[in-house]
6 protein chains.
Amino acid sequence: MWNKNVVDFMGCDAAYEEADIVLFGAPFDSTTSFRPGTRFAGQAIRNDSYGLETYSPYQDRDLTEKRIFDCGDLELSIGNAQMVLEQIEACAKQILTDGKLPFMIGGEHLVTLGSVRAVSRKYPDMHIIHFDAHTDLRQDYLGVELSHACVLRRCWEILGDGRIHQFGIRSGEKEEFEWAKQGHTDLHPFNLEGLEQTIEKLKGKPVYFTVDLDVLDPSFFPGTGTPEPGGIAFMSLMHAVTKVCGQTNLVGCDVNELCPGYDQSGGSTAVACKIIREMLIAL
Amino acid sequence: MWNKNVVDFMGCDAAYEEADIVLFGAPFDSTTSFRPGTRFAGQAIRNDSYGLETYSPYQDRDLTEKRIFDCGDLELSIGNAQMVLEQIEACAKQILTDGKLPFMIGGEHLVTLGSVRAVSRKYPDMHIIHFDAHTDLRQDYLGVELSHACVLRRCWEILGDGRIHQFGIRSGEKEEFEWAKQGHTDLHPFNLEGLEQTIEKLKGKPVYFTVDLDVLDPSFFPGTGTPEPGGIAFMSLMHAVTKVCGQTNLVGCDVNELCPGYDQSGGSTAVACKIIREMLIAL
Amino acid sequence: MWNKNVVDFMGCDAAYEEADIVLFGAPFDSTTSFRPGTRFAGQAIRNDSYGLETYSPYQDRDLTEKRIFDCGDLELSIGNAQMVLEQIEACAKQILTDGKLPFMIGGEHLVTLGSVRAVSRKYPDMHIIHFDAHTDLRQDYLGVELSHACVLRRCWEILGDGRIHQFGIRSGEKEEFEWAKQGHTDLHPFNLEGLEQTIEKLKGKPVYFTVDLDVLDPSFFPGTGTPEPGGIAFMSLMHAVTKVCGQTNLVGCDVNELCPGYDQSGGSTAVACKIIREMLIAL
Amino acid sequence: MWNKNVVDFMGCDAAYEEADIVLFGAPFDSTTSFRPGTRFAGQAIRNDSYGLETYSPYQDRDLTEKRIFDCGDLELSIGNAQMVLEQIEACAKQILTDGKLPFMIGGEHLVTLGSVRAVSRKYPDMHIIHFDAHTDLRQDYLGVELSHACVLRRCWEILGDGRIHQFGIRSGEKEEFEWAKQGHTDLHPFNLEGLEQTIEKLKGKPVYFTVDLDVLDPSFFPGTGTPEPGGIAFMSLMHAVTKVCGQTNLVGCDVNELCPGYDQSGGSTAVACKIIREMLIAL
Amino acid sequence: MWNKNVVDFMGCDAAYEEADIVLFGAPFDSTTSFRPGTRFAGQAIRNDSYGLETYSPYQDRDLTEKRIFDCGDLELSIGNAQMVLEQIEACAKQILTDGKLPFMIGGEHLVTLGSVRAVSRKYPDMHIIHFDAHTDLRQDYLGVELSHACVLRRCWEILGDGRIHQFGIRSGEKEEFEWAKQGHTDLHPFNLEGLEQTIEKLKGKPVYFTVDLDVLDPSFFPGTGTPEPGGIAFMSLMHAVTKVCGQTNLVGCDVNELCPGYDQSGGSTAVACKIIREMLIAL
Amino acid sequence: MWNKNVVDFMGCDAAYEEADIVLFGAPFDSTTSFRPGTRFAGQAIRNDSYGLETYSPYQDRDLTEKRIFDCGDLELSIGNAQMVLEQIEACAKQILTDGKLPFMIGGEHLVTLGSVRAVSRKYPDMHIIHFDAHTDLRQDYLGVELSHACVLRRCWEILGDGRIHQFGIRSGEKEEFEWAKQGHTDLHPFNLEGLEQTIEKLKGKPVYFTVDLDVLDPSFFPGTGTPEPGGIAFMSLMHAVTKVCGQTNLVGCDVNELCPGYDQSGGSTAVACKIIREMLIAL
């Protein structure tokens, strides 16, 4: 009773030293172009995870079997994307140095860049598997290059052609789709078709997995800043993330773009919790 | 114009004496472990039913063809589960004594226990068909045995092994799933597979039907206290409840866990209304 | 910078004179029988369209390739249905006289009557393709004949038997369904089955297309006054409207019944925006 | 237990025949120019009144001491102002004929005209005491004369100069204020100053009392269609209505413009309930 | 960075051993008769406190100057009032035994009984200062004696006549007011008049202070289950709690009845945070 | 009818060339430390202004008598504070060069810095009158100097000691209050006391007026990111802004920190509209 009030993701109560996976929140949404608020995702996910169960009947395994440390949300320099990315990179770098897997909870999608910078330094030949409704391949957004709308383009600048595998994409400028088709990225529009082949091809290679939850249809996930009708179903996403986490050589990952304030029912936060639970169990 | 303001479920305006079915609300949610508010379900369902139609184009029949009495919500001793269960049991018992079918609108799922106590006394060989996202099979919840999380376990204590048929279950503790598998209940995970065979097997036997609406995916039914992504679709549920009500020897039933405050759109209340309409017509 | 603040649907910035299509809003909801608020649909659709893209990866075409003028919402005599219908009719008539296509954004469904009056005068042999959850075929609603619940009946009075093709219908009074079956309208219940044959049959004939967005299931479109569970999916609707707009001789159309206040997530407004975008591109 | 589910305003359970006061709801909002939804006021007020008490510690009297009948909401011809006003007038007329006091719950402010028509026929020399944020004195609103924005002007046409006493007015067109100042109405801007003198002057004369609840500041009453900052406090209103009801010869009254959907907290509905309770007790 | 994610009330980060005051949450609302949800108050207060400051310009002192431990919310046996009260009593007893002051954050008002039981055992001659909109003096509520509506009556059974000083009371049954007037409690209706004299009279005596935040007017505090218009202003409450905490011999206290879900603006949670901050600083 | 859909603040329809005042929106909130969303203030204010009146009965003057141009919201480089401030500065500079008064609608408070940079270049001896709940005087916030929490400190760096007059301040770090007291700013805590003397003292001097609407109590203005209970009343603010605008030599001003998403009732947007209307009329 006289312990301090620790709030972590359900079942993730290992000490840092003994953990294999480190969860951390990146509560940043300063470059969001439409409706901000993803900064509250980490808090909502931790709080509401207690309404769910640690046991997955899908995988017949329990989250408590894993050794996971949750350090909560980082204290980020809201309003300054450059500083924030450095703070995220430093955090991910330390986790990697300590031989653990960094698992980040956004925030908006730009936070992925901080983590990718750290992971790609350790694994320069890494690939990215990217689930999203949006291409995120712009050179800049109203002159801003460190923007959520440009994050995969920034990652491409680090990794080069053919290393980014995009799934579920259904929104972007014509130029972005065409730029992708020129071989810069491996873009699979609308749904997850081709994922199994991609997983097969990437066997043995280090993989960073970034999940923008708006890849889901807004019927399943209304709680996001830019709802894009026409997305995939929850069960498709759940099965897919289980495969990616269980069948590739994952070296880092993140789940982002939950904006809890836009879904008063809590259903979207529950979706995020379950996706994270299934990913953590499958890892 | 000078009649009192009677508010019943659309088309359910028979007098008690002439009715075959008696609708009553059980506005209780004191043991809800996560987010309360289901006590307002009955009121919301009655009020919003007037935005819908009494005619079902699915069954090509009209609710007004049936003789149904709606006594509104019971006045329950909020805060004391034991007293509340006795009040519900007394109500259901009287309905049964008068040769009518009790149809209860929850409230949280614990209310089922009150009705099951009454019905099982008249039909000791009865079976339960249970639609739910959750196992509800705990022995106790933080020491409390009269809890929504334990309600089917309490029913099992009355009925014994092999008498509870659970469908759509996708959340619970590992121990609950294992306890079920030991033959205590007939648990069908994730969806409604096996329902037709179960209906076939139960031909002639008295059946109590309890529908926790969170068996639906939160995309179809966000208005509930504990949204569990991964559920079934509205049309699946509608067809299934029509079958159970039309093809078994139903001796009592309930529909519960609508929490209208969590779905500002009213869509979840409309789901509850239509499920109830189709059940009533099919009976 | 010193231009006035023009707010139009994304990419629809042609001048009236050069436009082929004219978008106009009809912010009327005075006869709504359950929950009003569709008057704010036009404003919400224009404002939120800027969070989306003008490019359709489905059709691989961009809205900016079309010449579309958006005059905003009409200033209507709220509270007087007769005057409002005359105002809408006058607007549509002028657009037709100028050789352009009228594309109306409701408002409640009654506004369709104003537009149909104008279009049918120019194309007396026109047919209507009608997507909706509701029959809308009542003779009157509590004595009111100019009601959203009667709008297709009023259209039938203008066009006669066999000219109205209804899809997705799943709610209405028994009498309405029976009246339709007597050959007055061509009613396809529940979904869009038969649409391709209808399109085939109407080849060459002038077609007015009215889309009540509540044809969608409330999981995809909660933001409407009377949610009717059991509807079609977003992708089905999107493909269908693309076909109707691309493969018939469209002479007028409207999209109605978005009630943005009932979907705080903005998902329903995004659905409306994307349906309108796909329709405009396909025309 | 086997009585039908009667929902009336707390404590107002007299039979019509024995009642001195008759409460009825007028769920109409078709002419609302900004944000509709007042049609749900009556339902919300009755439902939420059960969370409050029938006893007034301010007046040290209990609502149950009075004989009041509540017939619920009238079934009105939504969408047709003329028919609706006739329906309201007929209801009020019957109540007056039976020697009872009509107490109407709106709805938008236009409903007052129906009641005033009936009451003024019985009491041609009656005065109106009018609490409101708005003048409501326009000749027409976008060509519509039967509009909430014109309702006091319509009443003036019946009663003539000097018979309408307006309090709390803080919004309107310049022309309306000037028209009032010409002696047509007795307009007290901003607050309730002068109310006691008015009550004094009207001693013995028949008085109709119409309370537009938006006379309150939106801090006290956010749940209304057109919030007008700068209004009076709840306690001022409560004391004032008690005086008007207790110290004038009241022959009819109404309370209108609660729009419950705009105040999720329920505070505005509680305000309406308490104002109505104090009025009823003071009568 | 590698510390666990501790979430406490801003600035209350002392260890238990060194603390003078112990904050604990009692997330219980099972007996709430109208709208539940106060169980989330503790969580909301801790989370949102970070948007505010630890420094009080009113008292020109900083919360960080005090030694306060916050153990978070107790894990209570939701649904069973008797067990919950025992759990709260045990917690408060231990704090008192360790020579610290128990400061509880509710939850509904019934939780006060658990704390009062513990404190009154140590200080049998203690008085209670009680701020509330409601009398809370019923013998039972629908047969339930352990109900929020009876909590001060239960306290009276422990302490006897003349020991409970109630302020701000404006709602209750006639019988409750009369029972109080018989000398059982010292009831000050409507506002805080007489508080300074009471403080004067209680000089030196042990005082338990219970603040039901609905003593505030709903304009200042809409986020509560049963809004009661006619309450006091925030600044009045803030000055009053500072006086009670600073000028009496306080031996225990609680702040309860925030229901964060009913005030989407967060203003009510901010009110609770500031009241708690000022109380803690003044102690 | 065939004009484009211009959306401006009610009555502000002058052309740029003929205007004396230029309204522009600065939809920026990237540095908001707690809850973002003020970027939507301009849009909400323009849209909802049509529910109000252009005539002020307080000043007995009409907004339409003034010549005001509204260019809508600037297109800002969301996510990059430095670029955004340059864009705002350029806009304000051009307005000043053309001899007009810049009137900015935020956004978060940082936007003031852009405008102050432009205005102070033209009027180096200018003073600032600052209404706010918060000091906004930090040197940096988590290392970020271009933050809303530092904006007045940045202005002080331009203007120097004794040039900033702060009113209504009730929240900040102890260090900020002490820094102010050293003579850097003229800080009036809690309310508007001393405003008339300040206006007197500044007679003839150029004054920039920045109104952070959270100076209001959250009861009057819940729609803001960081509600701070204990603020001033609407009528006090309205009278005060009228005085500042009417009795000083105003050379620029702004109104900021409305976050419309946090007040579903629309009351806060109405407050912003009325404050802006009264300021514009008084100028």
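Given the structure is predicted, the values throughout are model-derived calculations rather than measurements. Letters go in sequence order (proteins before strands), and every chain restarts at 1.
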**Student:** So does C:K93 have more than 12 non-hydrogen atoms from other groups sitting under 6.0 Å from NZ?
**Tutor:**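 At most 12 heavy atoms, drawn from other residues, nucleotides or ligands, come within 6.0 Å of this atom.
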**Student:** Report, in residue-number order, which members of residues 30-39 of chain D are under 4.5 Å from chain C by heavy-atom distance.
**Tutor:**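 The list, in residue order, reads D:S30, D:T31, D:T32, D:S33, D:F34, D:R35, D:P36, D:G37, D:R39.
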**Student:** Please state whether the side chain, the backbone, both or neither of C:F28 comes within less than 4.5 Å of a heavy atom of chain D.
**Tutor:**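 Neither part.
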**Student:** Using a heavy-atom distance cut-off of less than 4.5 Å, which residues of residues 138-153 of chain D contact chain C?
**Tutor:**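 Residues in range: D:L142, D:G143, D:V144.
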